[in-house]
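On a predicted model such as this, the values are computed, not experimentally measured, just so you know.
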Amino acid sequence: MKLAKNTKLKKNLEHQTEIYQAASDAKKAIKVVIYFTLEEQVRVKAILKELQLTDDPDVVLIDARRDNKLSASNVG
């Protein structure tokens, strides 16, 4: 799991997961990125596009933005 604001996100997505996967002898790895702002979302999507990971089923984005959803306490 990585935060979108991580300044080394691109490098981590390129290399770090495979290192962890090999160290733990895992057959599969899932990359999870959490973003909290629109700017972070745009940045993550640009990085994924650059790394050709846009449609990778093993990459999960978690939208933790507050500005694009209703509060559960305000839903009728």
Side-chain angles (χ1 to χ4, degrees):
M1 294 188 101
K2 292 292 175 189
L3 295 175
K5 68 179 181 179
N6 183 326
T7 58
K8 296 181 181 179
L9 181 63
K10 180 180 173 190
K11 187 174 184 175
N12 291 159
L13 289 172
E14 283 180 300
H15 305 291
Q16 196 174 47
T17 305
E18 288 74 18
I19 293 168
Y20 289 157
Q21 188 175 350
S24 64
D25 198 29
K27 296 185 185 334
K28 193 160 173 116
I30 296 176
K31 301 171 184 180
V32 179
V33 181
I34 305 168
Y35 58 88
F36 293 91
T37 66
L38 177 60
E39 293 79 15
E40 289 177 353
Q41 179 185 15
V42 169
R43 178 175 177 265
V44 169
K45 289 188 176 189
I47 290 171
L48 293 177
K49 184 176 181 179
E50 188 176 336
L51 297 175
Q52 298 180 350
L53 294 173
T54 304
D55 296 319
D56 189 323
D58 295 329
V59 175
V60 177
L61 300 181
I62 298 179
D63 181 353
R65 291 173 45 197
R66 290 181 157 197
D67 63 348
N68 67 342
K69 52 188 95 38
L70 293 173
S71 167
S73 61
N74 293 331
V75 176

query: Considering residues at least two apart in sequence or located in another chain, which fulfil the salt bridge (charged side-chain N to carboxylate O under 4.0 Å, His left out) criterion with Lys31?
result: Glu18

message: Quick one about Gln16 and Lys2 (side-chain donor to acceptor, distance below 3.5 Å, no hydrogens or angles considered), yes or no?
response: yes

- line: Hits for side-chain hydrogen bond (donor to acceptor under 3.5 Å, both in side chains) against Asp67, two or more places apart or cross-chain, chain-then-number order -> Arg65

- prompt: In Å, rounded to the nearest 0.5 Å, how long is the span from CG of Asp63 to CD of Glu40?
  reply: 10.5 Å

- prompt: Remaining members of Leu9's ILVMFWY cluster at a side-chain heavy-atom cut-off under 4.5 Å?
  reply: Leu13, Val33, Tyr35, Val44, Ile47, Leu48, Leu51, Leu53, Val59, Leu61

message: Using only atom types and a distance under 3.5 Å, with no angle test, would you say the side chain of Gln41 pairs donor to acceptor with the backbone of Phe36?
response: no

field: Set of salt bridge (charged side-chain N to carboxylate O under 4.0 Å, His left out) partners for Glu14, sequence neighbours left out
entry: none

task: Step through the shown structure and confirm whether more than 12 heavy atoms of other residues, nucleotides or ligands are within 6.0 Å of CG on Asp55.
output: no

- prompt: What is the distance from atom CZ of Arg43 to atom OG1 of Thr7, rounded to the nearest 0.5 Å?
  reply: 7.5 Å

- prompt: Taking all atoms of both residues into account, what is the closest heavy-atom pair of Ala29 and Thr17, and its distance?
  reply: CB-CG2, 3.4 Å

task: Check the hydrophobic clustering (I, L, V, M, F, W, Y; side-chain heavy atoms under 4.5 Å; chains of links allowed) and say if Ile30 and Ile19 are grouped together.
output: no

- request: Taking side-chain hydrogen bond (donor to acceptor under 3.5 Å, both in side chains) as the test, write out the residues that go with Asp56, two or more places apart.
  value: none

message: Run the salt bridge (charged side-chain N to carboxylate O under 4.0 Å, His left out) test against Lys45 and tell me which residues pass, sequence neighbours left out.
response: none

